[in-house]
Every structure is written in structure tokens, then in C-alpha cells.
There are 2 protein chains.
Amino acid sequence: MKPRPTIQDVARATSLSISTISLVLNNKAHVSEETRRRVKQAIRTLGYHPVRSARGLASKASGNIGFLLADEHFSAVEPFYTRIFLGSEVEARNHNYYILLTTVPTRLRKNESIPRFLHEKNVDGVIVAGKINHKLIEYIGKLGLPIVLVDYALPGKRYSSVLIDNYKGARVATTHLIETGHSKIAFIGGDPDHPSIAERFAGYKETLTRYGMPIDPSLVITDEEDTRIHNGYNAIERLLNRGGKPTALFAANDAMAIGCMNYLKATGIRIPGDMAIVGFDDIGLSSHVEPPLSTVKVFTEEMGKIAIRRIVEMIREKTQHVFTVHLPVELIVRASSASRVPSPSKRKTPISLTRRPRGPAIAEGREKNHGA
Amino acid sequence: MKPRPTIQDVARATSLSISTISLVLNNKAHVSEETRRRVKQAIRTLGYHPVRSARGLASKASGNIGFLLADEHFSAVEPFYTRIFLGSEVEARNHNYYILLTTVPTRLRKNESIPRFLHEKNVDGVIVAGKINHKLIEYIGKLGLPIVLVDYALPGKRYSSVLIDNYKGARVATTHLIETGHSKIAFIGGDPDHPSIAERFAGYKETLTRYGMPIDPSLVITDEEDTRIHNGYNAIERLLNRGGKPTALFAANDAMAIGCMNYLKATGIRIPGDMAIVGFDDIGLSSHVEPPLSTVKVFTEEMGKIAIRRIVEMIREKTQHVFTVHLPVELIVRASSASRVPSPSKRKTPISLTRRPRGPAIAEGREKNHGA
DNA sequence: TTTACCTATCAAAACGTTTCGAGATATGTG
DNA sequence: CACATATCTCGAAACGTTTTGATAGGTAAA
């Protein structure tokens, strides 16, 4: 079996020097069109492909992007972060990068569990999805690697983030419930330390206030440990047992909303007749539960793509701009929140509340640059 | 900022040669304990980490494993292959490998879409999950890279595979339906080209025959294009419209089973009263639909782990053993198949059919070696 | 005509490891 | 005691690129 061709072989075949081949390979200037053509031709006929390790060693760039994910997120039933990852993977390939995904324990132990690739110079930048130990993020920062956080932000604007417009999503969801005739609207939350959850709660409160409605603490649960299905179940059980009497319910995410539905169905409370429900995220499951769950759709793949575009920019330009992108969201009305009283005269049906994405609006999300 | 230490620095610090440091780094023999200790100490105090690219260039091993997944699988609602990947990722880390995941178009176009890492010598082996174009698999084989297929096998035993024991799973599921009093049991399938689906169908038929029951073509659908939710919906609709009158239904996977449930609920057919249902896979969704779906559980993470162990073996030993592993499965009885008639005297409840995994039984799956 | 500055190419020096063969010392054998 | 063998260590040669600085030739400006 013939050994694979090296850049040497291409040089010989074209009677050019190695350097020139390299210039063509990297699309650098100062190469005549004629030469470029000849080199490309030779590369094709020889079936030459540069070896990644060699490039990496010489150029001090690995061609990889690290993707960090808390293990509990990845193993959750809902493939929320998985979809973000998927978007990243596709976009990374477009930019000729590969992704090294690794999960990290939510509670970071010794230095032992720090991903190897950070030390081995095996990634050129890192994407961190979801809530991860601050220490670790700062550690990566100190290593001098570009970082982009997805669906998470540290206080102090020191790291770039791709975020969901949680605030607006919560407002749209709450408004929808109010406009379909509800006045006693519960909020079910969890992991109050997570900025996203806090923002959704804030949006809920702000909307009630704007409509002149009180914020009734007996209708609010925000202290569940995390936001998984069983916590939704527990939360609504506690809320009802202590005497809360909501007619509608806004859950911090779909998983909790579905947990709530499970409890309500088990106790004979009808949805949406006795209780209208709106969730957040639009995970795949939501359209397949009974009744289908109204929710605020998050464009997860898009988040992954944007994160990649940003980190590639940071890597290429070696500039450490800190930016924040907020992705727009979209209310999706399904059966779990069908209107309770006839809608007000002007509006035909609550479904008109749906905010259609405006073409490529996704990529336009409001975006800010802070400092340089 | 200080430049990161290289192997040179460690050599200087210990007054040893670079070669000796390398020997320690790779846990090779012929190094005295004393020396080994000193070197490790120096490495720690200097904070030295070998650079991946340099190792790769010198040793001709990238330290990466490629993970190939058909795009349609990865973007499916159910995170079936995602869980396989998760298992792989964890196990790969244990063996000091990283995984480069990439999706490939189900229908492979030009050479264009062949994953770059195959040519760039950037992976030491490849795991292929699910059904992927034969040509591509063979192409990888020709490149001389070790391959392990997961949940897929090519005819001819030329590639190693980690498989689900579909045949047994289907038999257990069908038996469960028969023993709870059903005699008209439908089979809903899709993508008949996929070996897994074919095996499940075979297990279904075999069981009916064993019980002396006819295989009624009017109760069988196997020609849906793939196995996603909406195909289950379409399939059962077709089956019922053309006059099939089953009292129970075995679907080739949970996604299709759930599609069936959606159709049945929409048309007022009660589950399990009018129709008992059993699926296959035990995806996360299954325990959260109403009623919860009986199914045959597949240990997905475990499959990923086994695949990694095998490919690491192949890489290390450079031997090209072809092997096949069949992972055991487990029947999980939930409300969608509660028994229809009182169970036979001896058996208290159909739940006793559940096959508990026997401790670490997972790793014991029947395993065969073919040739060397 | 000189000066200055482009363009296209090249030779050689990195990049940080692993590996190979050899040397030096210690250990065992007849 | 001589010789073979085993253990430990080392110098030097890969590995296949990118990058840097130099050179030769050409063109435009002074």
C-alpha cells in the first residue's frame, strides 16, 4: 500500500517549493493564478490532504472548538442542549472546525475533572452551554481561550453570551393568559440561581403589574432545586395543597409544565378547562403530550450556530470583544391554553398572538457590544 | 505571560533527556522508579501538559475517535442516538480519547460530504451509529480505519457491530400481549431495510407462530418510509381503514407507537381498553405520554460504551477481529398494555414478565467472534 | 537613471513530540 | 574472568506542516 502523499509530493509534482504549496493550501495572497491552478490540480490528482496534527503543530491552532455541557443537562429527557449542540456542529463544519464535546460534572471536584483538551492545546476556543461552575469558566478565561456562553451569563459582562429573550417570552406568555381571561395565574419555577429562570419570573411579574394585577405569593413557587419534570409535579402539588387557587399556570420551562400536567391529570383537574398551562422552550415532547402544550418556542439550533459564528470570529480576529445576543422567541398556542372566556370582540382568536418569525429575523436578535 | 512549558523544560528541570521524559509520559518500561517519580514531580510543579498536535504528529495517532451519525437520526425528536453518543463520550474520556461527532446526510452526495477528519488523519477509529450509506462505510474501511457499527450491521459480517437483541425483545413483547389475552395483534413497522426493524418483525411473527396463531397480513404494516411519529399515525390509520380489527398492537419503536396512540386517541379508541400497545426502545417520552407506554427498554448508553471499548481495543491491538455483540433488552409494562382479561391463574400480574437486568448483565450480552 | 516598492517564489527554521539505535552501567552465566 | 544479557538513559532523526526572511525580477515614481 502506497504511503499517503505529503506536501512534499505535491511540491515535486508541480516543481514548486513546499512553501508555495502551503500558500495555496491556506488561500494566502502572493500566488499567481496560474500557479494556484496548477497546485490545486496536482492536489486533486494526487489525492492529497494535509495532516491535521502537522498543521496544528506548525500553526499553533488545533482546528477544534470545545463544547462544554453540564452532565445533568445532557442526560435530561428533553434534548434542549442537544439541539444547541446540533446547530453548533453543523455550523462549525461550515467554518472548517470540529467540535470536541465533553460533559463536566455539575459540581466540579478537584482539578482532576478539568477537560484535558484545555491543557493539551487541543481547542482554539470554548463554548459553554448552560449553567456551569464559575470557577471553571474563569479558569478557561485565564488560559487565554476565547469563550462564548450559551443560555447562561455571568454577572459582570466579562464573557460573551448567546441568550434567550426570556424576559419578552415570559411577558408574551403571561399576556396571553391574561387576555384569554385569566386573573389568577400561578408561576412555577426552579433553580432560581439560573439567570434564565430569574428573567422568566421577572417577565411574569412585570406583566401582572402592568395589567394592574397583584403578585400573589401563594401562586408562586420558585424554590425547586432544578427544572426537571418531577419538580414540576412536586411544585404544583405543594402550591395547591397550601391553598393556592390559580386558574392558569405559567411554568418556567416545558419540562416543569409537563410535570404539572401529570399531577393535574392524576388528580382530575382538567386542562385547560380548570387550568390553562403555558410552558417555555418548545421541546419536542410538548406537542405530543395530551393536551398539547402551549409554550414559548426557543430557536435552539440557531443559538448553537450563532455561538459558533461568534467564537470563530473571536479566534480569527484575536480580538476579545465581549458581546451579548438575545434571540427572539415565539409564542405557540396549543390546546393546553385554549381560551377560557370568549376573546374580546376585536380579536378573533387568541392564536393571533402568535408572533411569526420575520423571515431571517432569528439572526437579527438584539445585539450589544460592550467595550473592546 | 510566561510561555507554556515544553518537554524540554521538564528535561532541564530534572537533568534528564527529552527521551526519558517521553518514556515516563507514555508509561513505557525501562525507566527506574526513582526517575519516574522525579519526572512526575517536575511535571506537576511546572504544570506541564504535552501538546496534542505534537504527539499526534510524532506518533501518528490523533487521540480522537470519529462518531458518524445520519443527520435525520440526530434531529429526531427522540434522543435515542444522542444517548448512545453520551455513553460513548463518557467512556472515551476514560480511555483518554476524544470524540469528533459529525452528522452525515442520509443520502450521500458527491465526495464533498465525506467528513474531513477521515482524510486529515484526525481520527484513529470510527464509530458509525445507525443506518448510513454502505459506500461511505466501505470507504472508511478502505482507508484502513477501525470501524464499529452501532445498531446497524452490514450483511456479510465484515464489520464489527454492537446490536440490540431485537429478536428477543420482539418475542418478549409479543408474548406479553398474547399472555394478557390478545389474539389479534397488529404490527406497525417502517423502514423495512433497517435490519433492526426487520428483526423485530421476525420476532413478532415467530412468536405468533409458536403460539399457533396465524400471521394476518391485514394486521401488518411494514412499508412506512421511516419510523418517526407521524409514520406511526399514518400506519395505524391505514391499517384500520382497510378493515384490520386488532385488539393489540406492537410497534417497531416507541416513536411509531406514540404516533399510533395519537391517532387512536383522536378517533376515540381507548388505550388499553380497546387497544393495548407495546413499543420498543423506551425513549424518555414513553413514560410521559398518556397512558404511559409499555415498551422494550434498550440500554443505549451501554451500547455507546461497549462500542468505545471495542474500538479502543482495535486501535491499540491493531488487530482486525470482527465481532458482534447483542445487548439484552428488558420488557417494561406500563399502562398502555394493562391486561385485558384476568391473567392465567398461576401468574399474579403481567408485570412479573419484566426481566430485571441481572446486575452487570448488560456487559455480558451474547458475543461472538468470527474469524481473525 | 536611480530609488522604492511591489509580486512571485523559495530555502530554512521552527513547532513539540515519539521513536530508534546506541552507549553505559549493572547483572547473571559458564 | 570473560562474555552475554538486561536495564537505564541519551542523542538524533523523524513526523508534515506553517512561517519568516531573503531573493530575483518587474514596474512606477522621481
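In what follows, chains carry the letters A, B, and so on, assigned in the order in which the sequence lines appear, proteins first and then strands, with residues in each chain numbered from 1. As the structure is a prediction and not an experimental result, all values here were calculated from the model.
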Quick check: do [X] and [Y] have side-chain heavy atoms less than 4.5 Å from each other?
X: A/T102; Y: A/L68; value: yes
X: B/T6; Y: B/R12; value: no
X: A/L86; Y: B/T103; value: yes
X: A/L327; Y: A/V162; value: yes

So B/R38 and B/Q41, side-chain hydrogen bond (donor to acceptor under 3.5 Å, both in side chains) or not? Walk me through it. CA-CA 5 Å; B/R38 266 174 57 219; B/Q41 172 61 33; over 6 Å; no

Measuring from A/I7:CD1 to A/L16:CG, what's the distance to the nearest 0.5 Å?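 A/I7 atom CD1 to A/L16 atom CG measures 11.0 Å (nearest 0.5 Å).
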
Spacing of A/R83 atom CZ and B/T82 atom OG1 [to the nearest 0.5 Å]: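 Answer rounded to 0.5 Å: 8.5 Å.
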
Any A/T35 side-chain nitrogen or oxygen under 4.0 Å from OP1 or OP2 of C/dT9: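 So the side-chain polar atoms of A/T35 do come within 4.0 Å of the phosphate oxygens OP1 or OP2 of C/dT9, strictly under.
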
Contacts to DNA chain C from [range], heavy-atom cutoff under 4.0 Å, which residues?
range: residues 20-30 of chain A; value: A/T20, A/L23, A/H30
range: residues 38-66 of chain A; value: A/L57, A/A58, A/K60
range: residues 5-19 of chain B; value: B/T6, B/I7, B/I18, B/S19

Considering non-hydrogen atoms only, spot the tightest contact between B/F67 and B/S88 and give its length.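 Of all heavy-atom pairs spanning B/F67 and B/S88, the closest is CE1-OG, 3.4 Å.
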
Please work out whether the ring planes of A/H119 and A/Y139 are parallel, tilted or perpendicular, with thresholds of 30° and 60°.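 Answer is perpendicular, since the angle exceeds 60°.
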
Could you label the plane-to-plane angle of the A/F117 and B/Y98 rings as parallel, tilted or perpendicular, counting under 30° as parallel and over 60° as perpendicular?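 The rings of A/F117 and B/Y98 sit tilted, inter-plane angle from 30° to 60°.
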
Test A/R309 against A/E313 for salt bridge (Lys or Arg N to Asp or Glu O under 4.0 Å), laying out the working first. CA-CA 6 Å; A/R309 283 187 213 126; A/E313 227 168 67; over 6 Å; no

What is the 5' to 3' range of DNA chain D, first to last nucleotide, that sits under 4.0 Å from any heavy atom of chain A?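 First and last nucleotides in contact are D/dG16 to D/dT19.
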
When you compare the protein's N or O atoms with those of nucleotides 21-26 of chain C, which come within less than 3.5 Å of each other, and at what distance?
none

Using five base pairs at each end to define the local axes, how bent is the helix from C/dT1-D/dA30 to C/dG30-D/dC1, to the nearest 10°?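 What I find for the helix from C/dT1-D/dA30 to C/dG30-D/dC1 is an axis angle of 40°.
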
Between A/R37 and A/E34 (salt bridge meaning N to carboxylate O under 4.0 Å), is one present in this structure?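 Answer for the salt bridge query: yes.
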
Taking NZ, NE, NH1 and NH2 as the nitrogens, is one of them in B/R93 or B/E89 under 4.0 Å from a carboxylate oxygen of the other?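 Yes.
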
Stepwise, does the side-chain hydrogen bond (donor to acceptor under 3.5 Å, both in side chains) test hold for B/N122 with A/R55? CA-CA 11 Å; B/N122 204 12; A/R55 297 189 103 160; over 6 Å; no

Where do B/S62 and A/R52 land on the side-chain hydrogen bond (donor to acceptor under 3.5 Å, both in side chains) test, with the steps shown first? CA-CA 9 Å; B/S62 66; A/R52 191 61 270 173; over 6 Å; no

